[in-house]
Amino acid sequence: MAEHTLIAMRGIVKRYPGVTALRDVSLSVEPGEVMALVGENGAGKSTLLKILAGAARADEGVIEVSGQVVQVHSPRESQAHGIAVIYQELNLANDLSVAENIYVGREPKTRFGTVDFHAMKSGASRLLTSLGINISPDEIVGNLNIALRQMVEIAKALLVDARVVVMDEPTSSLTEEEVATLLTLVRQLRATGVSVIYVSHRMREIFEIADRITVMRDGSVVGVCDAQTTSPNDIVQMMVGRELEDLYGVRTVPVDHTAIPTLEVRGLSSGALLHDVSFSVRPGEIVALAGLIGAGRSDAAMTIFGAVKRRGGEILIDGQPMALRTPNEAMAAGIGFVPEDRKRQGLFLGLPVRENMSSASLPRISRLSVVSQRQDRELARRYAKQLGLRESAIEVAAGTLSGGNQQKVVLARWLARLPKLLILDEPTRGVDVGAKAEIYQLIRTIAGEGVAVLVISSELTEVLGIADRILVMREGYGVGELDAAQATEKRVMAMATGVQEDGS
Amino acid sequence: TTTETSPAAESTGDKPVYVFLPKSLNNPYWVDARKGMEDEAAKLGVTAKFLGPDTDDAAAQVAIFDSILATKPAGIAISPNDPASVLDNIAKATAAGIPVIAWDGPVPNSDVLGYIGTDNVAAGVQAGEALAKSVGNKGKVAVVIGSLSAVNLNQRLEGVKKALAKHPDIQLVATEVSGESVATAQTASETILQANPDLAGFIGIGGSDLPGIAGALKSADKCGTVKAVGFDVVPQGVEGMNNGCVDALISQKPFGMTAQALQILVDFHNKSSKLEKDFVVDTGVVTVTPDTLAEFQKTAH
Amino acid sequence: MTSNGEIVKQETHGASSTNQLAPAIARTTLGQKTRKTLRKIVTARESTLAAVVILLVVYLSWASPYFFTAGNLTVVGRQIGLALIISVGMTFVILIGGIDLSVGSVVAFVSVLTGVFIVNLGISPIVAVLLALVGGAVVGLVNGSINAFMGIPSFVVTLGMLAVARGLSLGITSGSTISGFPSEFLFIGQGAYLGIPIPVWVAAIVAIAAHLVLTRTTFGRHVYFVGSNEEAAKLSGIRVRRVKISVFVIASTLAAVSGILETARLSVGQPAAGNGYELLAIGAAVIGGASLFGGVGGILGTALGTSLLLLIQNALILLGISAYWQQVFSGVIIVGAVALNMWRKQRN
Amino acid sequence: MTSNGEIVKQETHGASSTNQLAPAIARTTLGQKTRKTLRKIVTARESTLAAVVILLVVYLSWASPYFFTAGNLTVVGRQIGLALIISVGMTFVILIGGIDLSVGSVVAFVSVLTGVFIVNLGISPIVAVLLALVGGAVVGLVNGSINAFMGIPSFVVTLGMLAVARGLSLGITSGSTISGFPSEFLFIGQGAYLGIPIPVWVAAIVAIAAHLVLTRTTFGRHVYFVGSNEEAAKLSGIRVRRVKISVFVIASTLAAVSGILETARLSVGQPAAGNGYELLAIGAAVIGGASLFGGVGGILGTALGTSLLLLIQNALILLGISAYWQQVFSGVIIVGAVALNMWRKQRN
Ligand SMILES: Nc1ncnc2c1ncn2[C@@H]1O[C@H](COP(=O)(O)OP(=O)(O)OP(=O)(O)O)[C@@H](O)[C@H]1O
Ligand SMILES: Nc1ncnc2c1ncn2[C@@H]1O[C@H](COP(=O)(O)OP(=O)(O)OP(=O)(O)O)[C@@H](O)[C@H]1O
Ligand SMILES: [Mg+2]
Ligand SMILES: [Mg+2]
């Protein structure tokens with residue numbers, strides 16, 4: 001190759017108080033290649049990319065762009081080198097519109113030097129349409145759900161005339177359709193000579209798109225492989241340090257189909273998005289809600305949990321109709337709920353992980369309203385261990401954890417509460433394969449103990465792997481139910497998109 | 001532009017230090033008071049400090065009083081924001097052998113050695129009389145007062161009302177607060193003028209009130225038509241009088257008052273005072289009118 | 001100041017929560033357009049507040065024969081104008097999620113500076129005014145730089161500056177006031193042009209300019225962005241520090257403008273000026289819908305908030321409410337007006 | 001109040017950012033433990049501020065022969081105590097991301113109420129004090145309910161209440177002050193127990209209790225949760241409204257406690273009391289590290305902030321700094337102290 005390596009990071013070291021996030025990491029990206037970056041939660045992927053983006057400073061090491069050593073002290077400087085970034089933790093202004101977010105810092109100007117809102121809106125519309133997203137550019141970002149915000153973040157990065165696009169888990173909350181669109185886009189970028197650094201925990205995507213794969217573990221690079229000559233199992237082995245045979249596990253205790261359903265909803269409606277949805281979950285059963293972005297799955301979950309006002313229908317817990325007007329009432333009825341948007345709905349970012357974990361179980365670990373420090377610590381230790389969090393992470397502020405580890409904290413909060421109905425909205429968003437297997441195992445275990453589980457997931461393989469029954473939703477309606485045995489990806493997709501009704 | 005007659009952080013080991021505790025600092029009235037004190041201190045060759053809160057505030061004044069007690073001054077003159085609030089500290093000072101006198105405002109039922117100043121009620125009566133005279137004993141009048149809760153201002157108001165009560169043809173139609181702000185005083189006066197187009201006269205009770213009234217009269221072009229009476233001969237009052245916007249000023253002679261008060265304190269410190277316990281030195285109130293203004297200014301300092 | 005419709009229409013870009021999205025179809029007839037504009041006005045964030053202010057004006061015109069007179073409108077207008085100039089600056093600071101407690105002290109500082117320059121030093125009024133403005137701007141520069149570079153919360157920085165600027169004013173004058181300004185200087189506070197007081201003109205120009213800056217320029221958009229999500233703003237390549245410093249300079253400079261006009265209006269430079277103005281200005285912005293967490297708010301709301309606060313003061317005097325009870329009324333009215341606004345917003 | 005180490009050690013649970021985690025190994029020797037505790041103290045959020053306060057005390061003891069005298073310490077202690085009681089309540093409000101501007105007016109309201117009850121109506125002091133406390137609590141209940149149920153920003157609600165409570169105090173008394181309290185009542189403001197003024201005892205108890213509530217109880221956790229992320233708190237089953245209302249009741253009740261003590265100290269019930277206390281209290285909490293965005297802060301920080309602010313006032317008088325320039329010094333010192341704290345934190 002006559003050309004220079006496009007991006008070369010050499011000997012990068014990054015220390016945070018108490019943690020060394022990166023130890024002597026090197027990474028190279030050639031022009032027009034897709035370099036996948038994989039590794040366990042907390043391996044240092046995001047940190048490495050933030051350093052490349054100028055959002056964090058390396059303690060040691062150099063960055064070269066086209067063979068030139070460059071200083072990247074701010075996102076501005078990084079942008080000037082043609083680096084565009086899709087951050088893992090979305091960086092959007094919730095009070096502003098979609099168009100304004102996409103064009104921030106690059107606003108088109110009119111003849112008078114003012115912002116050309118017209119050009120901005122039409123440009124944003126075009127971009128979003130090319131991403132297969134139908135939202136108004138005037139919509140306030142704060143009103144969008146996390147998947148749509150993810151798409152806005154993607155659009156924002158694509159606006160830049162970049163030489164390399166960094167994508168840190170762009171698909172963690174997207175469904176198959178959007179993922180397919182995004183991968184097509186990545187291919188188009190590659191075809192025009194733009195490089196892409198692609199981070200994901202979904203192996204399928206990695207092997208679909210990557211030219212090379214860099215594997216990180218514990219702050220170091222443990223290998224760089226050619227995607228053609230490596231198998232997913234090799235990568236998982238390198239990441240986790242062991243084979244993963246059966247990711248999803250198998251049901252050991254059969255579901256009692258005669259038992260009174262723990263949860264039954266009849267004709268549930270709420271807001272503009274949920275219409276007449278009915279289904280039930282029996283003790284020990286794992287039911288999944290599948291559908292596309294905006295199908296109303298999260299709304300259904302939020303409504304059951306009392307976080308969204310119910311406009312119609314009935315909710316029965318153990319056969320008893322319940323009002324469930326607030327999350328507090330839902331919890332009293334034995335419901336637990338892991339929301340989809342951990343940053344906005346889940347975490348107390350500035351508070352210690354320990355307090356985050358016990359926040360829904362305080363009555364259990366306190367006497368006369370005084371929290372038992374010992375039980376508090378024990379609870380945190382137990383779940384940190386179960387979910388593969390370092391014990392030293394217990395006292396740090398939740399906001400300093402890696403994305404996947406933050407997700408584990410929210411999961412721990414609800415596992416610790418021992419509910420009889422657990423609603424999981426995207427429980428494994430951003431979680432690495434190893435931890436995923438642990439989480440699935442945990443879900444299996446509590447289901448085995450008789451807990452009813454309602455899972456919402458955008459990853460079809462996950463839905464198929466774990467659910468006993470699948471309810472498919474489209475545009476706020478329940479459009480069909482499938483037994484695990486009958487379900488295939490094709491059938492679920494067909495129902496979800498409504499392209500080819502087969503109505504079994 | 002320092003306050004004291006001595007440098008800021010001098011050692012006060014042997015030299016006696018006298019402290020004056022005014023109600024506040026940010027009012028021209030206190031500028032004259034301070035100058036009187038400074039001139040006298042220079043004359044007597046003693047150190048005197050002028051320490052007060054930024055704005056009228058009883059608790060802040062007591063906090064300063066508290067702190068100053070620790071420095072064991074040779075004598076204290078206090079102009080209380082609220083007489084009851086300083087009783088405790090006066091008792092402590094007296095117990096520590098520090099002579100305390102009330103100045104500018106009395107502290108009844110206290111351990112103070114005596115009082116030098118004016119009678120605020122009497123001053124109010126004089127102001128009321130001056131206004132009655134200037135409006136020809138009839139018509140609507142309005143009051144602008146710095147604060148509804150300041151003891152001295154309430155006493156003046158009481159005097160004003162007492163005087164006006166003797167004139168049945170005079171009606172008090174509005175009492176508004178300025179919060180000791182010239183801007184608010186002017187705003188309130190302007191609005192009163194709107195609501196009472198036939199207003200005959202104004203009285204400004206606090207130090208910032210007359211300047212505001214004068215400004216309002218000027219901007220409404222009613223100088224001379226609507227009479228204005230106020231307290232303290234402050235620069236803006238004088239200017240207003242020269243412009244024909246102000247008709248009478250009630251002076252409490254702050255300059256002479258502090259000078260005399262310092263002399264009294266020094267005498268007490270030196271045990272040479274001929275004044276008895278609970279003395280009252282009435283420094284008198286003067287009504288200054290445009291005719292007597294020049295004369296007053298000559299003699300005041 | 002400007003026609004209501006105009007402002008509301010632009011305002012909805014800002015950070016409104018109107019969810020009524022018109023379909024993407026471009027073929028809108030004229031009738032549709034008018035209806036759309038109308039609906040936008042009615043559903044705009046500020047519409048209820050505007051309605052409250054209008055109702056107050058109507059009520060006052062009915063209840064007091066003196067309210068709707070040229071004289072009183074001039075009086076109220078000037079007061080609103082002087083306060084609005086400060087509130088507009090405060091709005092910028094609040095929009096980035098900051099607060100500026102020092103504006104009142106800046107008024108005092110500038111009042112004293114103007115007095116010293118013009119009266120004591122005999123500098124020509126125009127030069128003196130410019131120098132005083134520079135003085136105000138420097139205060140803002142200090143506030144902004146400490147906030148942006150040291151990361152000290154703006155509340156603390158400006159609380160310190162509140163004391164420092166007030167202390168300087170007291171120290172420079174030893175507590176005395178400065179009078180004896182030439183009449184050409186006094187004109188800018190007391191005079192009128194086309195029957196409208198100069199401060200009203202200045203306030204109108206300031207408010208319209210600020211509105212245009214906030215809604216139409218990249219700087220304005222960046223102000224909103226920084227306030228909405230500072231981290232995201234930084235990652236998007238916005239020079240966050242520069243925005244912050246600019247915003248504090250704007251706030252202080254506008255406070256200085258108001259301070260100069262007030263000095264001219266009162267004919268006196270005084271260290272006691274501007275006491276408590278910070279609360280009035282913050283209150284006006286927040287009543288007008290600005291969020292102290294940043295990212296939400298606008299000049300139209302602030303103008304309405306300022307008007308409401310000062311109209312209430314005017315009303316209580318005109319209606320002859322006892323001074324002892326005025327504050328009770330004013331507190332209740334303020335909360336009531338905002339409650340109405342909230343209730344409307346939630347129902348939408 | 002209590003030994004420094006104790007508090008610091010507990011404090012780090014609150015919402016600290018110390019990331020120095022001891023290894024998980026349980027076999028810690030005594031020496032290690034001491035070193036751990038020491039390190040925790042040194043790296044705690046508040047340590048630099050504490051160092052500044054200690055340095056100030058040391059400097060003052062050296063610079064002024066009057067500072068470290070029983071008399072002066074009593075004086076400063078009482079001032080700090082009275083302010084701290086209010087600041088503690090304010091800390092609760094700030095922790096949930098709110099603000100309470102009405103505390104100063106509550107002091108006035110309660111001061112007047114106490115006067116009316118004891119002097120005018122002749123109610124026995126104990127009953128009168130309890131009634132006055134209820135009065136204060138009711139103010140908080142109103143603030144909290146309007147904020148929680150109508151969603152009106154606390155700034156607006158308490159700005160309204162600032163006016164209403166002050167207006168009521170003025171209206172009830174027609175502006176006059178009330179004196180003539182029996183000496184058993186005055187004792188709680190002027191007296192001492194074991195040589196330490198009663199207000200200091202009260203403040204110490206309040207501060208320690210508040211610290212324990214915030215760090216040890218479920219309610220305290222809820223306060224931090226609500227301030228850190230209201231949405232997440234709601235979804236964790238926390239009754240957010242209840243927490244909000246409680247917090248405002250706490251703030252108002254503590255302001256009432258301080259108001260009663262101050263009334264006893266000044267021997268007078270006055271409608272002008274408490275003017276500007278809100279800024280002092282908010283300032284103390286923020287200087288002590290609390291964030292106005294909620295979720296960050298603690299009682300230790302607030303206590304240090306309050307001490308700093310009042311020590312400066314005392315120092316400037318003792319050192320004989322001209323009253324006209326004192327504010328300049330105090331502003332600079334405040335910002336300087338916080339800057340030091342920031343700088344230390346960033347270096348860590
Ligand atoms: N601001 C911070 N302060 C302290 N530690 C941090 C901070 N940011 C990251 N870390 C630590 O750095 C390490 C690497 O985190 P990073 O986010 O890079 O992981 P990751 O590989 O992206 O993981 P994931 O797949 O979960 O996103 C983690 O141990 C994390 O706790
Ligand atoms: N086209 C759209 N334009 C604007 N907002 C939309 C659109 N589609 C969905 N939304 C918003 O996003 C939310 C989608 O609902 P919900 O989150 O329940 O769907 P979901 O099936 O869980 O989808 P996802 O998998 O993306 O979370 C709704 O609250 C709606 O306001
Ligand atoms: Mg990551
Ligand atoms: Mg969803």
Side-chain angles (χ1 to χ4, degrees), chain B residues 1-4 6-13 17 19 22 25-26 34 47 49-72 81-89 91-92 96 108-109 145 147-151 153-154 157-158 175 177 179, chain D residues 63-76 78-79 82-83 107-108 111-112 166 169-171 173-181 186 189-190 262-277 310 313-327:
Chain B
T1 38
T2 47
T3 336
E4 304 89 42
S6 63
E10 51 114 51
S11 88
T12 44
V17 177
V19 178
L25 294 176
N26 67 1
R34 193 195 74 233
T47 306
K49 288 183 182 179
F50 202 73
L51 282 170
D54 205 22
T55 51
D56 292 345
D57 182 335
Q61 189 183 30
V62 172
I64 293 171
F65 200 158
D66 275 345
S67 296
I68 212 66
L69 277 182
T71 67
K72 304 213 169 51
N81 274 298
D82 192 292
S85 68
V86 292
L87 291 176
D88 179 44
N89 277 341
K92 278 187 194 142
N109 309 317
I145 184 167
S147 150
L148 289 173
S149 49
V151 173
L153 300 188
N154 274 331
L157 182 59
E158 188 191 327
T175 305
V177 194
Chain D
S64 164
Y66 310 116
F67 178 75
F68 215 80
T69 59
N72 190 53
L73 290 184
T74 306
V75 163
V76 184
R78 187 161 32 195
Q79 286 163 14
L82 287 172
V107 167
S111 178
V112 165
R166 176 77 58 192
S169 323
L170 266 180
T173 55
S174 297
S176 60
T177 57
I178 304 173
S179 46
F181 289 94
L186 299 183
Q190 300 172 5
E262 184 175 302
T263 306
R265 173 184 169 227
L266 301 179
S267 323
V268 52
Q270 42 161 357
N275 211 345
Y277 283 13
L310 290 167
Q313 284 179 14
N314 183 255
L316 293 172
I317 297 174
L318 291 189
L319 298 178
I321 307 285
S322 154
Y324 294 91
W325 293 98
Q326 285 183 4
Q327 294 207 56

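All chains are named by letter (A, B, ...) in the order of the sequence lines, taking the proteins before the strands, and each is independently numbered beginning at 1.
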Problem set entry | Minimal non-hydrogen separation, D:A323 against B:L25, with atom names | CB-CD1, 3.7 Å
Exercise. Quick one: CZ on D:R78 to CG on B:D66, what's the gap to the nearest 0.5 Å?
Worked result: 6.0 Å
Problem set entry | ring-ring contact (aromatic ring centres under 6.0 Å, His included) against D:Y277, all qualifying residues, sequence neighbours excluded | none
Problem set entry | Side-chain heavy-atom pair D:R265, B:V62 within 4.5 angstrom cut-off | yes
Exercise. Is it the side chain or the backbone of B:V151 that comes within 4.5 Å of chain D heavy atoms, both, or neither?
Worked result: side chain
Exercise. If you round to the nearest 0.5 Å, how far is OG1 of B:T71 from CG of D:L319?
Worked result: 11.0 Å
Exercise. Measuring heavy-atom distances to chain B, does D:Q327 have an atom under 4.5 Å in its side chain, in its backbone, in both, or in neither?
Worked result: side chain
For this session: Rounded to the nearest 0.5 Å, what's the gap from CG on B:L148 to OG on D:S169? Could you check?
Result: 12.0 Å
For this session: Measure across D:T177 and B:S149 and return the closest heavy-atom pair with its distance rounded to 0.1 Å.
Result: CG2-O, 4.3 Å
Exercise. Considering only heavy atoms, which portion of D:A272 lies under 4.5 Å from any heavy atom of chain B: side chain, backbone, both, or neither?
Worked result: both
Problem set entry | Partner chain B: residue of D:T173, D:L170, D:T263 with the largest heavy-atom pair count (under 4.5 Å) | D:L170
Exercise. Is the backbone of B:A63 close enough, under 3.5 Å, to the side chain of D:Q79 for a donor and an acceptor to pair up by distance?
Worked result: yes
Seminar exercise, completed: Assert top hit (heavy-atom pairs under 4.5 Å, partner chain D, pool B:D57, B:I68, B:D88, B:N154) equals B:D88
For this session: Could you look at D:S64 and say if it's the side chain, the backbone, both or neither that has a heavy atom under 4.5 Å from chain B?
Result: neither
Problem set entry | Over all atoms of both residues, closest heavy-atom pair of B:S67 and D:L318 | O-CD2, 3.5 Å
For this session: Report the C-alpha distance between B:L51 and D:Q326 in whole Å, list the side-chain angles of each, state the deciding distance to 0.1 Å, and finish with yes or no for side-chain contact (heavy atoms from CB on, under 4.5 Å).
Result: CA-CA 10 Å; B:L51 282 170; D:Q326 285 183 4; 3.9 Å; yes
Exercise. Got a sec, which residues hit salt bridge (Lys or Arg N to Asp or Glu O under 4.0 Å) with B:K72, two or more places apart in sequence or on another chain?
Worked result: none
